[in-house]
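What follows is one structure encoded as structure tokens, with my remarks underneath.
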Amino acid sequence: MKIDKVKLKSTANRSLTSVGVSVAAVVIALVIGMLLVVAMQKNPMKAFTSMVNGAFGPGYFTETLVKMTPLLLTGISFALCNRCGLTNLGMEGQMYIGALFATLVGAYVTGLPWYIHVPLCLIAGFIGGGLWCLITGLLKVFCGASEIITTVMLNMIAQFLIEYLINGPMIATPGGNPQTKNVLASARLGTLIKGSRLNWGYFIALGCIVLFWLFISRSKKGYEVRVSGMNPTAALYSGINIKKNILLVTFLAGGAAGLAGCIEIMGVQKCIQSAFASGYGFDGIAVSLIGQNSPVGIVFGALLFGAFRAGGNNMMRKAQVPDSIVNVIQALVIIMVIGSQMVLEIMNEQKLRKQARKEA
């Protein structure tokens, strides 16, 4: 009983330390960012207040939630693979393919009521992204190919495929803007607040966070995935089929990212345009790393980066500060969080070695 209490206390202390590290990283990154604003001979207080107001102010917060929605799903995508010992850098491409599948169903399948059309589009987007990422899993399992290389390559293929389609076979108006037809009204996600872009996709993404938690923390298969990621050798000796886990996880991870692209089309943009994903896939990596691949952490990271995106636009308008400064702040947050985690791991290892020496 006493040992269990000590373990619980140790786990709680680590969690609090991790939260403190993430908060400190954000504060330090913001301070450095404001110093850069001063170096640009701009007003740092005006820049900071306009960024905060643009993220959390009245009438603006809904846009932060809109930006947060795809980040929740791409964060889940990266975290799922990471828990299995894989590195998924292909969320951007998976978003493109998920959006493509959803658009094919949403724009070209007609005569369906919304309560059938919307779920069909969501399922199509999930399957499209899942199958695209499953290619990586198959290459990993049967050819030993590095998932880092294959996911990056598939990103490029997906991007060029979309560019070809929106400029050719799927262009809405020949000679017009390169974009697909709009998805039908029956395939769109309704808005939650009149006059805003916030739609039901936000709650779908939050529901996926709950499903991610149930899968990873409360299911037998989720336990096998975690063991496979932490110690593949132990997993093999315990009878866990690592290859099957890789295939399952890559499909689910790709599906989550595909759902992000699907929701972006059905709820926000209504059609596929060039570079519509806007870096959400790569930002999902940062969201997951900041949240340490945990469901609650991903929500925190997605809210933070959603606020940066929404607030950066307002800062550019009101304080005439380039929104690229927000990218610098985001990079600083990532560097500091990862660096501090490495330091904490080294410190924990040193503590364990000292304890082992004392027991010896």
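For the pair Gly279 and Glu92, the tightest heavy-atom approach, listed with the atom from each and the gap, is N-OE2, 3.1 Å. Between Thr150 and Ala145, the shortest heavy-atom contact is CG2-CB, 4.0 Å. Here the shortest heavy-atom pairing between Pro178 and Asn167 reads CB-OD1, 3.3 Å. Considering all non-hydrogen atoms of both residues, Ala79 and Ile298 come closest at CB-CD1, 3.8 Å. In this structure, Met95 and Gly281 approach most closely via the heavy-atom pair SD-N, 4.1 Å. Minimum interatomic distance between Thr64 and Ala310 (heavy atoms only, all atoms of both residues): OG1-CB, 3.5 Å.
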Pairs of donor and acceptor atoms involving the side chains of residues 255-270, under 3.5 Å and at least two apart or interchain, shall be tabulated with distances.
residue	atom	partner	partner atom	Å
Glu264	OE2	Gln269	NE2	3.1
Gln269	NE2	Phe276	O	3.3
Lys270	NZ	Gly267	O	3.3
Lys270	NZ	Val268	O	3.4

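Rounding to the nearest 0.5 Å places OG1 of Thr69 at 9.5 Å from CZ of Phe203. Rounding to the nearest 0.5 angstrom, the gap separating the OG1 atom in Thr180 from the CD1 atom in Ile166 is 8.0 Å. We find the CG-CG distance between Leu71 and Leu304 to be 10.0 Å, quoted to the nearest 0.5 Å. With values rounded to the nearest 0.5 angstrom, Leu65 atom CG is found 9.5 Å from Leu192 atom CG. Here the straight-line distance linking atom OG of Ser228 with atom NZ of Lys244 works out to 12.5 Å at 0.5 Å rounding. Distance check: Leu289 CG to Phe78 CZ gives 5.0 Å after rounding to the nearest 0.5 Å.
The aromatic rings of Phe305 and Phe308 sit perpendicular to each other, their planes meeting at more than 60°, with 30° as the lower class boundary.
Inter-residue side-chain proximity for Asn313 and Glu63 is flagged as unmet; no heavy-atom pair is nearer than 4.5 Å. Inter-residue side-chain proximity for Leu89 and Glu147 is flagged as unmet; no heavy-atom pair is nearer than 4.5 Å. Within the 4.5 Å cutoff, no side-chain heavy atoms of Lys181 are placed close to those of Cys271. Counting heavy atoms from C-beta on, the side chains of Asn314 and Asn53 come closer than 4.5 Å. In this structure, the side chains of Phe215 and Leu80 come closer than 4.5 Å at one or more pairs of heavy atoms. Within the 4.5 Å cutoff, side-chain heavy atoms of Met170 are placed close to those of Leu100. Residues Ile242 and Leu236 meet the side-chain proximity criterion, which asks for heavy atoms closer than 4.5 Å. Counting only heavy atoms from C-beta outward, the side chains of Val299 and Met68 approach each other to under 4.5 Å.
Placement of Tyr96 and Val183 within a single hydrophobic cluster is found when ILVMFWY residues are connected by side-chain heavy-atom separations under 4.5 Å, directly or transitively. Hydrophobic clustering keeps Trp213 apart from Leu206 (ILVMFWY residues linked when any side-chain heavy atoms are closer than 4.5 Å, directly or through intermediates). One hydrophobic cluster, built from ILVMFWY side chains closer than 4.5 Å, cannot hold both Ile193 and Tyr60; they sit in different ones. Each of Ile135 and Val141 belongs to its own hydrophobic cluster when Ile, Leu, Val, Met, Phe, Trp and Tyr are linked at side-chain heavy-atom distances under 4.5 angstrom. Under the 4.5 Å side-chain heavy-atom criterion for ILVMFWY residues, no single connected hydrophobic cluster contains both Phe101 and Ile123.
The aromatic ring centroids of Phe251 and Phe126 lie less than 6.0 Å from each other.
The backbone N or O of Trp114 lies less than 3.5 Å from no partner atom in the side chain of Ser186, so there is not a single donor-acceptor pair. Between the side chain of Thr87 and the backbone N or O of Ile148, no donor-acceptor pair lies under 3.5 Å. Side-chain atoms of His117 do not come within 3.5 Å of backbone N or O of Ala185 as any donor-acceptor pair. Judged by distance alone, with hydrogens and angles left aside, the side-chain atoms of Glu163 form no donor-acceptor pair with the main-chain N or O of Ser274 at under 3.5 Å. Counting only distance, with no hydrogens or angles, the side chain of Ser238 and the backbone of Ala235 share a donor-acceptor pair below 3.5 Å.
Other residues, nucleotides and ligands contribute over 12 non-hydrogen atoms within 6.0 Å of the CZ atom of Phe56. No more than 12 heavy atoms of other residues, nucleotides or ligands lie within 6.0 Å of CD1 in Ile149, so this atom counts as exposed by the packing criterion.
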For side-chain contact (heavy atoms from CB on, under 4.5 Å), just list the numbers for Ile97 and Leu161, CA-CA rounded to whole Å, side-chain angles, deciding distance to a tenth of an Å, and then say yes or no. CA-CA 9 Å; Ile97 301 302; Leu161 174 63; 4.1 Å; yes
Let's go through Tyr280 and Leu73 carefully: what are the C-alpha distance in whole Å and the side-chain angles of both, what is the deciding distance for side-chain contact (heavy atoms from CB on, under 4.5 Å) to 0.1 Å, and is it a yes or a no? CA-CA 9 Å; Tyr280 283 120; Leu73 292 164; over 6 Å; no
Test Val66 against Tyr202 for side-chain contact (heavy atoms from CB on, under 4.5 Å), laying out the working first. CA-CA 7 Å; Val66 170; Tyr202 176 70; over 6 Å; no
Evaluation steps, side-chain contact (heavy atoms from CB on, under 4.5 Å), between Arg188 and Asn182: CA-CA 10 Å; Arg188 297 179 187 179; Asn182 286 346; 3.7 Å; yes
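Each of Asn293, Asn82, Asp283, Thr74 was evaluated against Ser288; a single residue qualifies, Asn293, per the side chain to side chain donor-acceptor pair (under 3.5 Å) test. If you run side chain to side chain donor-acceptor pair (under 3.5 Å) between Gln94 and each of Thr136, Thr151, Asn88, only Asn88 comes through.
Listed by chain and number, the residues in a salt bridge (charged side-chain N to carboxylate O under 4.0 Å, His left out) with Lys221 are Glu224 (sequence neighbours excluded).
Under a 4.5 Å side-chain heavy-atom criterion applied to ILVMFWY residues, the cluster that includes Ile240 comprises Tyr223, Val227 as well.
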